[in-house]
Amino acid sequence: MTLPFGQTRTRIAARHALIAPDGHVKSVIPGIVGAATVILINEALGAKFAQLLVTFEADGRVELPANDLETAGYIETGGATVTIESEKRKCGAGGFFFAPAGKAWTITAPKAGTRVTLFQKKFVPSAGLPPPRVVFGDAADVKGQAFLGDPDARLKVLLPDEPSYDLAMNVFTYQPGATLPFVETHVMEHGLLMLAGQGIYRLEDSWYPVAAGDVIWMAPYCPQWFVAMGRQPASYLYYKDVNRAALGGL
Ligand code: UGY
Ligand code: MN
């Protein structure tokens, strides 16, 4: 879709942002070479996490050191090899991984055009809980659960649903006409990538047509609701901070 000049679908508001592909600008990031990287969300926007889109050339690679950041990654298209310390996997489209804080990790040997979304945050340890483990998986192997009893709104929870993990990465798929059952308002923050289809996202008091490729930031307490529209199911990948204390945590 070509927009008339001087126009964008991107909107930046107090408690939300819609970031449309028409406005993407690349950043150069230490540790990422042979790839176009767009920092879609980070603390400059007011978020407590970062969401990056990395589109690889054939010889691209990501090589990030062990530090206090943890990373959840999702391979949207293409494929590559992901290595987290001594564990190595080939991941295709729909593959995902979790690299805990304190572990160095790489993405190597990507097919040209591979698109990977990375969610990164500072890990918040919790006394008495073991640290989260390395995770590799494929969304195709995860069963979608009917969301609050609606079989037309299915949620795939990709990472272990265990208190050690302080972030969640999920894929939500809606049949046309299916909705979030109510307008959610919650303390947890979201970063979201539309993977397929289209619909209307309500964010605070604005309603936006959204489609594959769009990214949304929802700050804590951003009222949010979605209806899938059109002829194909709509699907989105999203990040959420979870499992930590109401005071002093995230
Ligand atoms: O997990 C969630 O909070 C999810 N239901 N929110 C959303 O899809 N906007
Ligand atoms: Mn939500």
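Counting starts at 1 for both ligands and their atoms, in listed order.
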Short N or O contacts of ligand 1 with protein, under 3.5 Å, listed by atom name?
residue  : atom  : partner : partner atom : Å
ligand 1 : 1 (O) : Y238    : OH           : 2.7
ligand 1 : 1 (O) : K240    : NZ           : 2.8
ligand 1 : 3 (O) : E184    : OE1          : 3.1
ligand 1 : 3 (O) : H186    : NE2          : 3.2
ligand 1 : 3 (O) : H190    : NE2          : 3.1
ligand 1 : 3 (O) : K240    : NZ           : 3.0
ligand 1 : 5 (N) : E184    : OE1          : 3.4
ligand 1 : 5 (N) : E184    : OE2          : 2.6
ligand 1 : 6 (N) : E184    : OE1          : 2.9
ligand 1 : 6 (N) : H190    : NE2          : 3.2
ligand 1 : 6 (N) : Q224    : OE1          : 3.4
ligand 1 : 8 (O) : Y236    : OH           : 2.6
ligand 1 : 9 (N) : Y201    : OH           : 2.9
ligand 1 : 9 (N) : Q224    : OE1          : 2.8

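Side-chain contact between V82 and V116 is absent, with no heavy-atom pair separated by less than 4.5 Å. For the pair F98 and L167, the minimum side-chain heavy-atom distance is below 4.5 Å. Residues Y165 and V135 are in side-chain contact: their nearest non-hydrogen atoms beyond the backbone lie under 4.5 Å apart.
Only protein N, O or S atoms were considered, and those under 2.8 Å from the Mn ion (ligand 2) are E184 OE1, H186 NE2, H190 NE2, Q224 OE1.
In summary, K103 and E85 engage in a salt bridge, as defined by a charged side-chain N under 4.0 Å from a carboxylate O. One finds no salt bridge joining E189 and K121 here, because no Lys/Arg side-chain nitrogen approaches an Asp/Glu carboxylate oxygen to under 4.0 Å.
Under the side chain to side chain donor-acceptor pair (under 3.5 Å) rule, Y208 has a single partner from R11, R202, H16, R9, which is H16. For the pairing with T179, the side chain to side chain contact (heavy atoms under 4.5 Å, CB included) check across D150, I200, V227 returns one residue only, V227.
Residues T71 and Q120 bring a donor and an acceptor atom of their side chains to less than 3.5 Å of each other.
Between Y236 and F226, the two ring planes are perpendicular [angle over 60°; tilted spans 30° to 60°].
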